[in-house]
Amino acid sequence: MLDKPDNTLDPALLARFAAIVGEKYAITDREAQAPYLVELRGLFQGHTPVVLRPANVEDVSKILKLANETGTPIVPQGGNTGLVGGQIPLHNEIVLSLNRLDRIREIDPTSNTLTCEAGVTLQRAREAAAAADRLYPQLLPSEGTCTIGGNLSTNAGGTAAVAYGIARSHVLGVEVVLSDGRVLNGLNKLKKDNTGYDLKNLFIGSEGTLGIITAAVLRLIPRPRAVETALAGVPSPEAALELFGIATERTGGDVTSFEIMSRGGIDLVLQYGANTRDPLAEPHPWYVLIELSSQQREGTRILLEEMLEQGMERGLVLDAAIADSIEQGKALWRIRELFSEVQRFAGGSIKEDISVPVAAVPAFIKEANEAVTALIPGCRPVPFGHLGDGNIHYNVSQPIEADKAEFLSRWSDVNKVVFAVVKKYGGSVSAEHGIGLLKRDILPSVKDPVALDLMRSLKRLLDPNGILNPGKVL
Ligand code: FAD
Ligand code: ZN
């Protein structure tokens, strides 16, 4: 109903929207719009009559009120790092960019909270927390660009979720603009508040389809006094999992990252990633990046060494490098951070973001590898990710010499065989990136029908005119 075939908007209406933010912040120039219309993987190309860049919650409210009254669809956008196309205006919607809402409103070190606006980047939030001797524990490789609003709207996971949880665990309160322009002020600092339904959790993870998050109260924790990082070569995912068991048993909550990577992906990092080198003398079939963080100044290094030694005695660790400095730690992390990006050098890459119970990860990898190589002989699975969360980024590179477009045209066939294995182990087809456009058509086949029905009812209730990110998720 709201799809408009061309990328025009009635000029009088466009002028009313522009007047809210001021001409300078209503971008209609095609070239200036370009960065808002493409996403990193190049899977979706958007079109928009205007990108609106409001400066505050009042202007967001006015924009939504006008949009609701006139039936004008809106796509919220933060840092545009989302990986499922949720932030792209595929049907000529107005883009509502939140990145001028970039104030850190308050840090309260006693209550351990940081209150900031939606457009603050994750990196800035973490730096502000560090300046107050606190840690904001969400960590994504996209931290320099992604925003708090985007993190909460996608309920982002990341590389420290194994210890600290996903975005949802870091939020005490949110401020949300509803589709009719009303502002839900839920900016409280309370750990305990049982006065009815937990509305904030409706908006967290809703990918901009139920409301616009304009600010949040985030939970901080004490800054760790010791952080130790190691990269270990391991023979198999089974061994990696057993090592994870040893690590959690010995350190309790101090395992803050436990990331698995396959050798095929490491080869690409070493070949194409600038300033990288193999930290281990020999190649190994699999690798794990381990980070321990502790409030104790002493002892963490010894614990890590003992853990790796125990792993070696049991044949779980083939070799390992422990970072001796912050720089060395960063070099180990760089391998993990480049892991996904460099896969483009291996041609077409079909990407999945799945989760299974942690115990089922090795079986999942084995069976998914068998299934995709039976489907497309010669294809190269490059699984990696957050082993400690049971969340594997199951990527598959095209066979060498194959035609890229032809390979990518098999994306839904790959989905089918991989999701069958996910289903067998009671897993999820979208662990942390969300549904957006990429997985919208898959959702009905994997989601409980009653849950789907409730989701549709909530969407109708909160967005009766269908103006908020239409065609995404549902
Ligand atoms: P955008 O991409 O702009 O938007 C994402 C979605 O949220 C869209 O549906 C959009 O409409 C909606 N939205 C944005 N802001 C708001 C708002 N204020 N109110 C309402 N809706 C809004 N993700 C992980 O979970 N874990 C990872 O480890 C991870 N690693 C990544 C590594 C790289 C190199 C890259 C490029 C991405 C990675 N991502 C990861 C994905 C991405 O960074 C996250 O999804 C991030 O949370 C998106 O934030 P953003 O500000 O860029 O949001
Ligand atoms: Zn991830």
Side-chain angles (χ1 to χ4, degrees), residues 35-36 38-41 44 46 54 57 60 64 73-90 93 95-102 116-123 125 138-162 166-168 174-179 203-216 257 259-260 336-343 351-355 384-389 391-395 430-438 440 463 468-473:
Y36 298 88
V38 288
E39 38 77 52
L40 204 87
R41 290 176 175 171
F44 305 101
V57 59
V60 175
L64 287 205
I74 297 279
V75 175
Q77 192 177 99
N80 192 9
T81 66
L83 297 174
V84 290
Q87 71 280 17
I88 299 300
L90 203 62
E93 299 92 341
V95 174
L96 180 64
S97 167
L98 278 305
N99 54 20
R100 284 181 70 220
L101 275 76
D102 64 351
C116 73
E117 298 182 343
V120 170
T121 63
L122 174 57
Q123 187 173 344
Q138 180 122 61
L139 185 55
L140 310 182
S142 51
E143 65 165 335
T145 315
C146 70
T147 62
I148 295 300
N151 295 163
L152 304 195
S153 300
T154 56
N155 188 25
T159 51
V162 64
I166 51 180
R168 190 160 267 146
V174 285
E175 177 185 85
V176 181
V177 179
L178 304 181
S179 66
F203 298 99
I204 298 172
S206 71
E207 300 181 52
T209 62
L210 299 181
I212 309 289
I213 297 175
T214 47
S257 294
E259 302 278 308
I260 189 167
R336 168 62 184 85
E337 283 158 7
L338 287 170
F339 201 90
S340 183
E341 192 184 317
V342 295
Q343 286 170 29
K351 297 175 189 294
E352 309 287 1
D353 162 39
I354 68 90
S355 63
F384 71 103
H386 321 293
L387 175 67
D389 300 325
N391 175 193
I392 298 300
H393 296 306
Y394 189 78
N395 293 359
S430 181
E432 58 175 6
H433 296 160
I435 299 297
L437 284 166
L438 189 65
R440 186 196 62 174
D463 183 20
L468 284 173
N469 221 354
K472 312 290 169 56
V473 184

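Read the numbers this way: they start at 1 and go in the same order the structure lists the ligands and their atoms. Note that this is a predicted model, so its numbers are computed, not measured. Values below: every heavy atom of this structure, side chains too, minus hydrogens, waters and symmetry copies.
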the protein heavy atom lying closest to atom 41 (C) of ligand 1 turns out to be Thr81 O, 3.6 Å
Distance col, row Ser257:OG vs Leu139:CG, nearest 0.5 angstrom, shows 6.5 Å
What heavy-atom pair brings Ile435 and Ser430 nearest, and what distance separates the two atoms?
CD1-CB, 4.1 Å
Has the side chain of Asn391 got a donor or acceptor atom that lies under 3.5 Å from a matching backbone atom of Gly385?
no
Relative to the heavy atoms of Pro76, which atoms of ligand 1 are at a distance of less than 4.0 Å?
10 (C), 11 (O), 21 (N), 22 (C)
Would you mind listing which atoms of ligand 1 come within a distance below 4.0 Å of any non-hydrogen atom of Leu98?
18 (N)
Donor-acceptor pair, distance only, cut-off 3.5 Å: does the side chain of Thr214 make one with the backbone of Glu175?
yes
Please list the nearest protein heavy atom to atom 5 (C) of ligand 1 with its residue and the distance rounded to 0.1 Å.
Thr154 CG2, 3.7 Å
Structural part of Cys146 in contact with ligand 1, heavy atom criterion under 4.0 angstrom:
both
Atom 28 (O) of ligand 1: closest protein heavy atom, distance to 0.1 Å, is Gly158 CA, 3.4 Å
Could you list the atoms of ligand 1 found under 4.0 angstrom from a heavy atom of Glu207?
9 (O), 11 (O)
Would you find a donor on one side and an acceptor on the other, under 3.5 Å apart, between the side chain of Asn469 and the backbone of Gly86?
yes
State the atom name: nearest N, O or S atom of Glu432 to the Zn ion (ligand 2).
OE2
With a cutoff of 4.0 Å, is Gly211 in contact with ligand 1, counting heavy atoms of the residue only?
yes
Taking Pro35's backbone N and O only, do any of them form a donor-acceptor pair with Asn80's side chain (distance below 3.5 Å, no angle check)?
yes
Compute the shortest N/O to N/O distance between Gly82 and ligand 1 and return yes if it is under 3.5 Å, no if not.
yes
Within the structure, does Gly79 bring an N/O atom to less than 3.5 angstrom of an N/O atom in ligand 1?
yes
Going by atom types alone, do His433 and Glu207 pair a side-chain donor with an acceptor below 3.5 Å?
no
Counting only heavy atoms closer than 4.0 Å, does ligand 1 sit against the backbone of Glu337, its side chain, both, or neither?
neither
Go through the steps for Leu98 and Thr147 under the test side-chain contact (heavy atoms from CB on, under 4.5 Å), then give the verdict.
CA-CA 9 Å; Leu98 278 305; Thr147 62; over 6 Å; no
With heavy atoms and a 4.0 Å threshold, my read on which part of Leu140 contacts ligand 1 is side chain
Where on Leu40 is there a heavy atom closer than 4.0 Å to ligand 1, on the side chain, on the backbone, on both, or on neither?
side chain
For residues Val473 and Ser206, report the shortest heavy-atom separation together with the two atoms involved.
CG2-O, 4.4 Å
Quick check on the Zn ion (ligand 2): does His433 put an N/O/S atom closer than 2.8 Å to it?
no
Gly208: numbered ligand 1 atoms lying under 4.0 Å from its heavy atoms
20 (C), 21 (N)
Proximal atoms of ligand 1 relative to Leu83 (non-hydrogen, under 4.0 Å):
37 (C), 38 (C), 39 (N), 41 (C)
Show the atoms of ligand 1 that are less than 4.0 angstrom away from any heavy atom in Ala118.
18 (N)
For Lys472, is the nearest heavy atom under 4.0 Å from an atom of ligand 1?
no
What is the closest protein heavy atom to atom 4 (O) of ligand 1, and at what distance does it sit?
Gln87 CB, 3.6 Å
Of all protein heavy atoms, the one nearest atom 33 (C) of ligand 1 is Ser142 CB, 3.8 Å
For Val84, does its backbone N or O pair with a side-chain atom of Glu39 as donor and acceptor, under 3.5 Å?
no
So which heavy atom in the protein is nearest atom 19 (N) of ligand 1, and how far is it from that ligand atom?
Ile213 N, 3.0 Å
Which bit of Asn469 gets closer than 4.0 Å to ligand 1, counting heavy atoms only: side chain, backbone, both or neither?
side chain
Go through the side-chain N and O atoms of His386 and Glu259 and say whether any donor and acceptor fall under 3.5 Å apart.
yes
The closest protein heavy-atom partner of atom 22 (C) of ligand 1 is Ser153 OG, 3.1 Å
At what distance is the nearest protein heavy atom to atom 25 (O) of ligand 1, and which residue and atom is it?
Gly157 N, 2.9 Å
With the threshold set at under 4.0 angstrom, would you say Asn151 reaches ligand 1 through any of its heavy atoms?
yes
